[in-house]
Amino acid sequence: MKEIVVPQSCEGQKAEKFIKKFLSEAPLGFIYKAFRKKDIKANGHWIPKDHILHGGDVVRIYVTDQQLEDFKKPRPVAKKEFPYPIAYEDENVLIVNKPKGLLVYGDKTGVRETLGNAVLDYLYLKGEYDPDIPGFVPSPAHRLDRNTSGLVVYGKTDAALKELTELFKDRSQIKKTYLALVDGNIDAPGKIDLPLWKDAQNGRVYVKSLQNGGKTALTLYRPISHIGEEYTLVEAELVSGRTHQIRVHFASIKHPLVGDEKYGDFTSCRKVKALTGLDSQFLHAESISFLHMPPVLKKLENKTIRSKLPDNLSKVIEILSESIQN
């Protein structure tokens, strides 16, 4: 038998989810059978799998020591300072700056360097996460491509993560903007309203009609500055949040992102790389604005969190500007 005190971070979580997290390697059939056989108690009473748990509840799981060893394999963590800039933090939310080249998620072993692993190490250092206490793992509410830098929002509690995930799905109470350097001259604000379809097999996204499986996608943009007639720095707002949306949308209007070898212009990419060393898309998640927020996220209400353009991308603009002038 294993006894666990439910942490406050798991307040409002269903017993089924809590047990799945604790016995992370257990087959689902084993977990459902444990509930059917009444091998799981909370505060001394047998509970169904949809029972709502609260911080401080005492959960007992009637499993053998060998089953516990086989089914519970927490991710190795170490108490470490966070190595990247923190843009905002409260008791429920952590917003961090991801550098280009760093994965948000990694493999299950935790061996690879990822943003998620660094967050867990940091929260473990602060005493806000313990891999030996089951039920909830602080996680991002959205994701960025490996080679896109900027803001990533993490839920530090189960309740906060649920609300954040809904915010990023609905998008009516959140505004997310990017800075992108694109080929060509864009001299006026505009919008790109083209449905997108993802081919999971080859990892590419295409413009495709709604009738043929595309999903609605809307990007608003405005020019910020120009580098001659060759490049434009734009601010792009994602009204929807599709995979590779900004990259595919700007490529579709003949203004692909500078450095984007997947969707962009090969000749332009080769030229920019030779001049600046840029080897991937010029794209930075620059700001997130929070409008009307639910109670657990109230401290974020009417706040805008910003991340300045990183030095490596500012240097690209500087070098390209000098090359145009010369």
Side-chain angles (χ1 to χ4, degrees), residues 87 97-102 104 142-152 168 171 174-194 196 198 204-207 217-273 275-289 304-321 323-324:
N97 264 301
K98 185 187 86 67
K100 170 195 166 182
L102 183 68
V104 174
H142 61 113
R143 66 187 304 164
L144 290 182
D145 290 344
R146 179 175 188 164
N147 287 319
T148 299
S149 57
L151 298 173
V152 181
F168 279 97
R171 294 194 174 256
I174 196 168
K175 178 181 176 182
K176 189 176 182 184
T177 64
Y178 290 74
L179 292 176
L181 189 66
V182 303
D183 283 329
N185 181 49
I186 296 179
D187 57 10
K191 67 178 181 179
I192 309 169
D193 188 359
L194 294 170
L196 300 176
K198 181 180 179 180
R204 288 183 69 93
V205 176
Y206 302 90
V207 173
L218 175 62
T219 302
L220 308 180
Y221 63 86
R222 66 182 183 93
I224 302 295
S225 61
H226 298 87
I227 303 176
E229 294 290 321
E230 294 191 38
Y231 309 104
T232 305
L233 182 68
V234 299
E235 180 187 83
E237 178 188 347
L238 288 181
V239 180
S240 52
R242 307 298 180 195
T243 301
H244 297 176
Q245 178 175 320
I246 290 176
R247 298 166 66 185
V248 179
H249 266 176
F250 278 98
S252 73
I253 63 168
K254 310 303 180 186
H255 291 290
L257 269 59
V258 168
D260 191 349
E261 295 182 352
K262 193 166 196 173
Y263 300 106
D265 179 80
F266 175 74
T267 301
S268 171
C269 289
R270 185 171 58 180
K271 174 185 173 182
V272 170
K273 186 174 182 179
L275 283 170
T276 70
L278 183 69
D279 59 358
S280 60
Q281 71 270 10
F282 188 117
L283 186 61
H284 178 69
E286 186 265 344
S287 74
I288 303 176
S289 297
T304 295
I305 311 300
R306 297 188 181 277
S307 168
K308 72 172 187 175
L309 197 67
D311 291 343
N312 64 309
L313 295 183
S314 295
K315 189 67 176 177
V316 169
I317 292 176
E318 181 184 330
I319 293 171
L320 291 177
S321 297
S323 73
I324 297 295

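From a predicted model like this one, the values you see are computed outputs, not experimental measurements. If you read the sequence from its start, that first residue is 1, and numbering goes on from there.
- Ring orientation note: the planes of His244 and Tyr263 are nearly perpendicular, at an angle over 60° on the 30°/60° scale.
- In this structure a side-chain-to-backbone donor-acceptor pair under 3.5 Å is missing from Ser289 to Thr304.
- Using a 4.5 Å cut-off on side-chain heavy atoms (C-beta onward), His249 and Leu196 make contact.
- Nearest heavy-atom pair, Gly184 versus Thr232, reported as atom, atom and distance to 0.1 Å: O-OG1, 2.7 Å.
- The environment of Lys262 atom NZ is dense: over 12 non-hydrogen atoms of other residues, nucleotides or ligands sit within 6.0 angstrom.
- Here the side chain of Lys191 pairs no donor or acceptor atom with the backbone of Leu218 at under 3.5 angstrom.
- No side-chain heavy atom of Val272 sits less than 4.5 Å from a side-chain heavy atom of Leu181.
- Lys98 places a side-chain N or O within 3.5 Å of a backbone atom of Arg146 that can act as its donor or acceptor partner.
- Closest of all the heavy-atom pairs between Pro256 and Gly264 is CB-CA, 3.5 Å.
- Inter-residue side-chain proximity for His142 and Val152 is flagged as met; some heavy-atom pair is nearer than 4.5 Å.
- Shown here for Ser149 and His284, the closest heavy-atom pair between the two residues is OG-ND1, 2.8 Å.
- Ring centroid separation for the pair Phe250 and Tyr221 comes in under the 6.0 Å cut-off.
- With hydrogens and angles disregarded, no donor-acceptor distance shorter than 3.5 Å links the side chain of Glu286 to the backbone of Arg306.
- Salt bridge status for Asp265 with Lys271: absent, with no side-chain N to carboxylate O gap under 4.0 Å.
- Residue Leu151 comes nearest to Leu144 through the heavy atom pair O-CD1, 3.7 Å, listed as atom of the first residue, atom of the second, then distance.
- Considering every non-hydrogen atom in both Pro189 and Pro223, the closest pair reads N-CD, 3.7 Å.
- Using a 4.5 Å heavy-atom cutoff, the side chains of Val182 and Val258 are not in contact.
- The two atoms that bring Lys100 and Ser280 nearest to each other are CE-OG, 2.9 Å, heavy atoms only.
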Discussion item. With side-chain contact (heavy atoms from CB on, under 4.5 Å) as the criterion, how do Arg242 and Val248 come out once you've worked through the C-alpha distance, each side chain's angles and the decisive distance to 0.1 Å?
Written reply: CA-CA 10 Å; Arg242 307 298 180 195; Val248 179; over 6 Å; no

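- Results of the side chain to side chain donor-acceptor pair (under 3.5 Å) test with Asn185 over His255, His226, Glu230 single out His226 as the only residue that passes.
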